[in-house]
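Just below is one structure, and these are the notes that go with it.
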Number of protein chains: 2
Amino acid sequence: MRDVARLAGVGTKTVSRVINAEPNVSAATLARVNDAIAHLNYEPDIHAGSLRRRGGVTRTIGLLVGSVANPFAGSIHRAVEDRAIERGFAVFASSLDEDPSRERNAVSAFIRRRVDGVILTRASSSQAYLLPEIERGLPMVFVDRPAAGIDTDSVLSDNVEGAALATRHLIDRGHQRIAFLGDRADIWTAGQRREGFLREIGQAGISTRETAIVENLEDETTASEAVLALLRREQPPTAIFSSQNLITIGAIRALRVLELQRRVALVGFDDLPMADLLEPGISVVSQNPSGIGDAAARQLFARLDGDRGPIRKIVVPTQFIARGSGEILPPA
Amino acid sequence: MRDVARLAGVGTKTVSRVINAEPNVSAATLARVNDAIAHLNYEPDIHAGSLRRRGGVTRTIGLLVGSVANPFAGSIHRAVEDRAIERGFAVFASSLDEDPSRERNAVSAFIRRRVDGVILTRASSSQAYLLPEIERGLPMVFVDRPAAGIDTDSVLSDNVEGAALATRHLIDRGHQRIAFLGDRADIWTAGQRREGFLREIGQAGISTRETAIVENLEDETTASEAVLALLRREQPPTAIFSSQNLITIGAIRALRVLELQRRVALVGFDDLPMADLLEPGISVVSQNPSGIGDAAARQLFARLDGDRGPIRKIVVPTQFIARGSGEILPPA
DNA sequence: TTGAAAGCGCTAACAA
DNA sequence: TTGTTAGCGCTTTCAA
């Protein structure tokens with residue numbers, strides 16, 4: 001910046017005015033400074049500026065998602081980026097991997113870099129450690145799962161309703177023996193989806209002895225093995241509700257192995273790429289990840305703009321997509 | 001930091017020593033300072049530190065990919081993050097969208113935030129604008145596509161060989177009328193894959209009048225329409241090589257519409273999720289995005305560690321995966 | 001319209 | 001082992 005000032009024959013404050021598009025710079029000076037900037041390939045240091053700037057804003061936000069390699073997270077990320085870029089904000093992205101220590105480290109990394117706000121998914125069981133940051137006024141929006149131990153803005157899918165919708169869909173087609181497949185029971189969304197499932201089973205007056213609840217499925221392989229075991233029982237389920245992406249893929253594989261994909265109904269929670277190209281197509285309850293990301297970013301920026309309104313809990317609706325696998329009827 | 005120093009009854013330099021795990025702090029002082037840090041929930045400002053620190057490192061890198069919503073980019077991103085996190089680095093991620101102005105803006109956003117290095121995919125036709133940054137010593141690795149107009153480290157898939165492999169696979173099965181489907185011809189990878197295709201066609205002595213080259217397919221829909229048109233010709237192709245992901249999906253849809261998915265061979269460039277669950281399974285040349293990200297991050301960190309060796313062009317091999325669609329024989 | 005001086009939170013250099 | 005002073009690149013404050 002000193003070099004630019006010297007080259008343009010002005011003081012550093014004038015260069016500062018030009019960079020920040022402040023008023024009270026004559027056209028001639030403006031041109032001279034801009035020439036000097038171009039000539040020296042000068043890029044101002046945002047963080048040096050934020051040090052003294054009132055509010056200390058860095059035009060940077062932090063985003064913590066399940067894993068940046070996961071398409072669900074990718075869609076959230078993209079929506080957040082699109083909102084951020086409009087305002088000249090940059091986005092730090094980190095992956096959580098269901099690991100509480102990664103959560104803490106990521107948040108700390110964001111804070112040490114003085115982000116203006118954060119959009120977070122949680123893995124640990126309490127976010128009380130964020131209390132001091134809230135008091136300091138760090139805007140914070142939770143996505144996919146609500147914070148525990150603190151009250152913050154959040155943007156969530158309607159997990160209970162989505163699961164209930166899928167379950168009702170199967171019950172309406174006459175299924176009574178319906179299996180529930182869930183991932184790690186300590187994950188908040190897993191519990192919510194289980195709740196929706198059980199609610200509908202109860203309302204339909206189906207005995208819980210008829211339903212199989214299989215939880216803590218970690219990946220495709222364990223899910224596939226669990227489904228193979230289920231279907232080899234004496235009274236196998238006539239329908240399956242799989243409450244997570246990878247588990248649904250495992251279930252599809254198991255059904256194929258037994259050649260039952262046209263005889264046993266299957267509905268998955270969360271959409272799958274090319275699900276409509278399989279035979280039968282896979283019926284799902286789809287979430288709206290870019291809607292979640294968009295809402296979260298809007299809420300965060302509203303807070304950054306000074307919105308001091310009450311905490312908002314935004315629920316993004318899910319949608320049932322019938323493609324065939326969920327419309328299979330129970331054997332007569 | 002002043003508050004911490006005061007509370008611990010030491011000077012700020014001592015706090016600085018503790019934060020940075022520098023030697024020459026007595027155990028007693030260390031404990032007092034750490035207590036004060038915990039008590040005040042103090043998190044040091046990395047950027048304020050970097051201002052004065054020699055080298056000015058911020059432990060931050062910038063990553064620019066096609067789109068963070070794209071699974072290919074997601075895998076690269078995740079691999080980069082895994083290497084970065086080991087060293088306490090944070091990652092800025094941005095999407096390119098094949099838009100030269102987004103490229104410039106993203107790079108500028110990174111530089112203004114004083115990243116220590118960048119991993120970039122390009123959209124614009126020349127990266128000569130980065131010359132000053134190179135001279136200033138900003139480490140830089142290009143992924144997926146090489147930089148143009150400057151000489152930098154890069155990590156690329158073997159696009160020409162991969163496309164040649166796919167083409168040879170089809171020729172070896174007796175196909176003569178093979179169609180090439182490509183995306184925007186100005187995209188570097190598109191040209192490379194076309195080159196590999198044409199090389200094998202030429203070596204097999206197949207007349208180019210027998211092959212159909214359809215380029216500038218923008219998405220699934222245009223690809224699907226193009227394939228429908230191709231297959232309705234008098235002399236339709238007996239095999240299709242689709243050189244990009246979304247185009248392959250469009251081709252699959254078109255083949256299904258005409259019920260030709262078991263009669264016309266199809267090989268795609270880039271793997272598709274659940275490609276093995278379709279009927280027939282989709283044969284592909286798969287890239288190794290996490291291998292690309294890993295190699296790029298390793299190279300970048302080697303440069304950050306002071307490696308001043310010659311520019312490296314790393315090629316990550318592709319792999320042919322036979323699943324059925326590519327093994328369909330031409331009609332007798 | 002412009003610039004000089006002070007200071008943001010931290011580390012380098014040096015002195016104690 | 002510890003602290004003091006200066007200064008990183010910028011913005012604020014205030015005077016010219």
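From a predicted model like this one, the values you see are computed outputs, not experimental measurements.
- Residues forming a ring pair (Phe, Tyr, Trp, His ring centres under 6.0 Å) with A:F301 (at least two apart in sequence, or on another chain): A:F89.
- With hydrogens and angles ignored, the 3.5 Å screen pairs no side-chain donor or acceptor of B:K313 with any backbone N or O of B:P146.
- Considering only residues two or more places apart in sequence or on other chains, A:F92 meets the ring pair (Phe, Tyr, Trp, His ring centres under 6.0 Å) condition with B:F92.
- Contacts between residues 24-36 of chain B and DNA chain D, counted as heavy-atom distances below 4.0 Å, involve B:N24, B:V25, B:S26, B:T29.
- When the C1' atom of C:dC10 is taken as reference, atom CD1 of A:I111 falls 18 Å away, rounded to whole Å.
- Under the ring pair (Phe, Tyr, Trp, His ring centres under 6.0 Å) criterion, A:F142 pairs with no residue at all, not counting sequence neighbours.
- Between the B:S50 side chain and the B:A48 main chain, no donor and acceptor come within less than 3.5 Å of each other.
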- prompt: Which letters describe nucleotides 9-16 of chain D, given B = protein heavy atom under 4.0 Å from base, S = only from sugar-phosphate, - = neither?
  reply: BSBBB---
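- Between the B:Q127 side chain and the B:R122 main chain, no donor and acceptor come within less than 3.5 Å of each other.
- Counting only distance, with no hydrogens or angles, the side chain of B:T58 and the backbone of B:R114 share a donor-acceptor pair below 3.5 Å.
- Not counting sequence neighbours, A:F72 has no partner by the ring pair (Phe, Tyr, Trp, His ring centres under 6.0 Å) test.
- Within the nucleic acid shown, B:G9 comes within 4.0 Å of sugar-phosphate atoms alone, with no base atom in reach, counting heavy atoms only.
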